[in-house]
Amino acid sequence: MSTQQRRSKTPHVLVVDDEYFNYEMLSMALSDAFKFSYAESGLSCLSNAIADPPDVILLDVCMPGLDGYDTCRMLKNTPETKDIPVMMVSGLESEQEKQAGYEAGCDEYVVKPFAMQSLLEKIKNMV
């Protein structure tokens, strides 16, 4: 496989977070392995995921308006986005919060703060 082919196969990760800093941190730390795009809300996540389907969505749970749980339900109930893996990322670490994430349809639930290497491995396993 040529370098050009490998580059075009770089997995696309859509980061959905109302805190732009979190997106910047992830994209700087993991840009060697993934191509990143950003959505600041649940609604923009849905339209971005339909317009340019990512390989994985990293979805913050606590956002104003449409929270991560509702956004995940919408993604999993929309034909164009239902098969995209969703990894919820949250500071909420209780078993009830994790359970709510899985009930909403997420494929993985990661608690902040997390080790970048651990997140890198989880994303690679999803793509």
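Values below: every heavy atom of this structure, side chains too, minus hydrogens, waters and symmetry copies.
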For residues 120-127, please give each side-chain donor-acceptor pair under 3.5 Å, one per line with the distance, not counting sequence neighbours.
unit_1, atom_1, unit_2, atom_2, d
Glu121, OE2, Gln117, NE2, 3.1
Asn125, ND2, Glu121, O, 3.3

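- Linking ILVMFWY residues whenever their side-chain heavy atoms come closer than 4.5 Å, directly or via other members, leaves Val13 and Val86 in distinct clusters.
- Taking the side chain as every heavy atom from C-beta outward, Cys72 and Met88 approach each other to under 4.5 Å.
- Criterion: ILVMFWY side-chain heavy atoms under 4.5 Å apart, direct or through other members. Under it, Tyr20 and Leu14 are not part of a common hydrophobic cluster.
- With sequence neighbours excluded, no residue forms a salt bridge (charged side-chain N to carboxylate O under 4.0 Å, His left out) with Glu93.
- Grouping the Ile, Leu, Val, Met, Phe, Trp and Tyr side chains by contacts below 4.5 angstrom, directly or via other members, places Leu119 apart from Val16.
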Atom pairs and distances, side-chain donor-acceptor, residues 48-70, under 3.5 Å, sequence neighbours left out:
unit_1, atom_1, unit_2, atom_2, d
Asn48, ND2, Tyr38, O, 3.4
Asp55, OD2, His12, N, 2.7
Asp60, OD1, Lys112, NZ, 3.4
Asp67, OD1, Tyr69, N, 3.1
Asp67, OD1, Asp70, N, 2.8
Tyr69, OH, Glu97, O, 3.2
Tyr69, OH, Glu97, OE1, 2.4
Asp70, OD1, Arg73, NH1, 2.8

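- Hydrophobic cluster membership is shared by Val15 and Met116, with clusters built from Ile, Leu, Val, Met, Phe, Trp and Tyr side chains linked at under 4.5 angstrom.
- Linking ILVMFWY residues whenever their side-chain heavy atoms come closer than 4.5 Å, directly or via other members, leaves Val110 and Leu92 in distinct clusters.
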Intermediate values then yes/no, side-chain contact (heavy atoms from CB on, under 4.5 Å), Lys98 and Glu95
CA-CA 5 Å; Lys98 290 179 185 175; Glu95 284 306 312; 3.8 Å; yes

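- Legend: side chain to side chain donor-acceptor pair (under 3.5 Å) pairs involving residues 74-89, not counting sequence neighbours, sorted by first then second residue: Lys76-Asp107.
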Which donor-acceptor pairs under 3.5 Å do the side chains of residues 24-36 make with protein atoms, sequence neighbours left out?
unit_1, atom_1, unit_2, atom_2, d
Ser27, OG, Tyr23, O, 3.1
Ser27, OG, Glu24, O, 3.2
Ser31, OG, Ser27, O, 3.3

Run the side-chain contact (heavy atoms from CB on, under 4.5 Å) test on Asp18 and Ser41 for me, step by step, so that the C-alpha distance in whole Å, both residues' side-chain angles and the decisive distance to 0.1 Å come before the verdict.
CA-CA 6 Å; Asp18 57 319; Ser41 70; over 6 Å; no

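- The ring-ring contact (aromatic ring centres under 6.0 Å, His included) pairs that include a residue from residues 92-122 number zero, where partners must be two or more places apart or lie in different chains.
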